[in-house]
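Note that ligands are numbered from 1 as they come in the structure, with each ligand's atoms numbered from 1 the same way.
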Amino acid sequence: MKISVNVEAELPADSANYEVLAEGVQKAAAVEGLTCEIGLRRGGGSKVIIDALVATNQHLTKPHIAIDPYGNIAYQETDQRTLKLDYTNDMRDECLMNMYLYCRARKVHFCFWNMEDTEFFKRFADGVPIYNESKRVINTYSFVHFDGPHAIAPVQVEIAFFHERTKPGAIFVFDDVNNYDHGAIDRTLKSMGWDLYRTSERKWAYSRK
Ligand SMILES: C[S@@+](CC[C@H](N)C(=O)[O-])C[C@H]1O[C@@H](n2cnc3c(N)ncnc32)[C@H](O)[C@@H]1O
């Protein structure tokens with residue numbers, strides 16, 4: 001039985017300066033490793049990342065992954081504020097339906113992990129298994145969008161995990177840099193050999209030397 005779905009994928013976004021994501025993915029074209037978004041919500045950020053992967057033919061070799069717990073749990077929106085927003089499992093289900101519709105049409109290899117970043121770090125410290133004709137365990141990242149918790153402590157933990165798994169030329173983009181003391185993050189990154197190459201109102205981008 002053939003099932004054809006004739007609907008447009010809807011992947012709304014919630015922030016601004018998404019051009020910084022597209023530019024970052026393009027800059028990392030020659031760099032080995034997965035692209036990753038922490039915090040998928042309704043897929044708006046990943047859509048921009050996927051479009052940039054396709055525009056530069058990187059989707060032929062690089063899977064895109066996303067990590068998000070949903071479940072309507074408390075969310076660290078700023079350094080001072082933790083609250084429940086609308087990140088429910090219904091949102092997850094609607095988002096994933098749309099994500100896979102979008103990726104299927106573009107032949108993008110997308111994998112989603114329904115868990116917090118910290119749970120992912122415990123389980124995938126030795127890489128993520130990717131199956132496409134053969135099995136590869138990939139433990140390098142060419143591009144990461146940090147858009148989960150917006151507070152210093154969890155972002156520092158994320159940086160420590162991904163830094164070890166990047167090569168020169170890799171790109172990190174941070175969203176909502178005004179929600180927390182991004183100055184502390186900026187100092188950490190620079191001390192680890194990351195260059196700040198782009199600022200905008202909401203998103204700042206770094207490249208590994
Ligand atoms: C600001 S929204 C992401 C927006 C999305 N990146 C975009 O550009 O449209 C934050 C998301 O982070 C998720 N989240 C919350 N805590 C998280 C954690 N510890 N690890 C990963 N994702 C988390 C939330 O469930 C929510 O979907």
Side-chain angles (χ1 to χ4, degrees), residues 8-25 28 34-53 64-103 108 110-125 128 141 143-163 165 171-180 182 185 198 200-206:
E8 281 295 310
E10 284 180 24
L11 298 165
D14 70 343
S15 186
N17 307 123
Y18 281 92
E19 69 285 356
V20 179
L21 296 183
E23 181 191 43
V25 172
L34 302 165
T35 58
C36 173
E37 180 170 64
I38 309 171
L40 182 61
R41 190 181 168 269
R42 291 196 181 278
S46 277
K47 175 184 180 298
V48 174
I49 294 167
I50 287 164
D51 288 346
L53 286 171
H64 175 60
I65 73 163
I67 305 158
D68 198 314
Y70 296 96
N72 201 28
I73 60 173
Y75 174 61
Q76 250 184 309
E77 192 189 33
T78 72
D79 262 331
Q80 289 79 30
R81 195 167 55 238
T82 299
L83 77 176
K84 286 192 174 189
L85 291 175
D86 60 348
Y87 305 142
T88 62
N89 288 338
D90 285 347
M91 177 187 279
R92 174 198 63 200
D93 298 348
E94 284 168 25
C95 173
L96 290 181
M97 213 168 58
N98 282 282
M99 279 296 292
Y100 280 104
L101 195 61
Y102 199 73
C103 290
V108 169
F110 171 65
C111 293
F112 170 70
W113 277 280
N114 189 189
M115 59 185 70
E116 299 148 281
D117 47 5
T118 46
E119 296 293 343
F120 178 88
F121 300 158
K122 279 189 240 168
R123 284 158 184 77
F124 295 98
V128 293
Y141 295 82
F143 175 94
V144 183
H145 182 206
F146 296 78
D147 200 9
H150 293 315
I152 297 181
V155 174
Q156 295 279 23
V157 172
E158 292 168 349
I159 289 171
F161 180 88
F162 286 108
H163 169 73
R165 293 168 177 79
I171 301 292
F172 283 173
V173 178
F174 297 82
D175 192 38
D176 284 328
V177 290
N178 299 316
N179 284 25
Y180 58 96
H182 188 76
I185 300 297
R198 163 74 77 148
S200 65
E201 193 196 331
R202 299 281 280 268
K203 294 181 182 18
W204 285 21
Y206 297 80

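Atoms of ligand 1 lying under 4.0 Å from any heavy atom of G45, numbered from 1 in the order shown and given with element: 7 (C), 8 (O), 9 (O). Per-residue contacts place I67 under 4.0 angstrom from the following atoms of ligand 1 (heavy atoms of the residue considered): 21 (C), 22 (N). With ligand atoms numbered from 1 in the order given, ligand 1 contributes 1 (C), 2 (S), 4 (C), 7 (C), 8 (O), 9 (O) to contacts under 4.0 Å with heavy atoms of D14. Taking a cut-off of under 4.0 Å to the non-hydrogen atoms of A13, the atoms of ligand 1 that pass are 9 (O).
Aromatic pair F161/H163: centroids not less than 6.0 angstrom apart. No close placement of the F112 and Y100 rings is indicated, their centers lying 6.0 Å or farther apart.
From the protein, the heavy atom lying nearest to atom 23 (C) of ligand 1 is P69 CD, 3.3 Å. Regarding atom 15 (C) of ligand 1, its nearest protein heavy-atom neighbour is Y75 CD1, 3.3 Å. At the top of the distance list for atom 2 (S) of ligand 1, counting protein heavy atoms only, stands Y87 OH, 3.5 Å. Residue, atom and distance of the protein heavy atom nearest to atom 10 (C) of ligand 1 are D147 O, 3.2 Å. The closest protein non-hydrogen atom to atom 8 (O) of ligand 1 is Y18 OH, 2.7 Å. What sits closest to atom 12 (O) of ligand 1 on the protein, heavy atoms only, is G39 CA, 3.3 Å.
Geometrically, ligand 1 and D117 share a nitrogen or oxygen pair separated by less than 3.5 Å. Residue L40 places no N or O, backbone or side chain, under 3.5 Å from any N or O of ligand 1. Geometrically, ligand 1 and H145 share no nitrogen or oxygen pair separated by less than 3.5 Å.
Considering only residues two or more places apart in sequence or on other chains, E23 meets the salt bridge (Lys or Arg N to Asp or Glu O under 4.0 Å) condition with R198. Residues passing the side chain to side chain contact (heavy atoms under 4.5 Å, CB included) test with E158, sequence neighbours excluded: I38, D117, F121, F146, P149, V155.
Of the heavy atoms in E37, only side-chain atoms (C-beta onward) come closer than 4.0 Å to ligand 1.
Around atom CD of E119, more than 12 heavy atoms belonging to other residues, nucleotides or ligands sit under 6.0 Å away.
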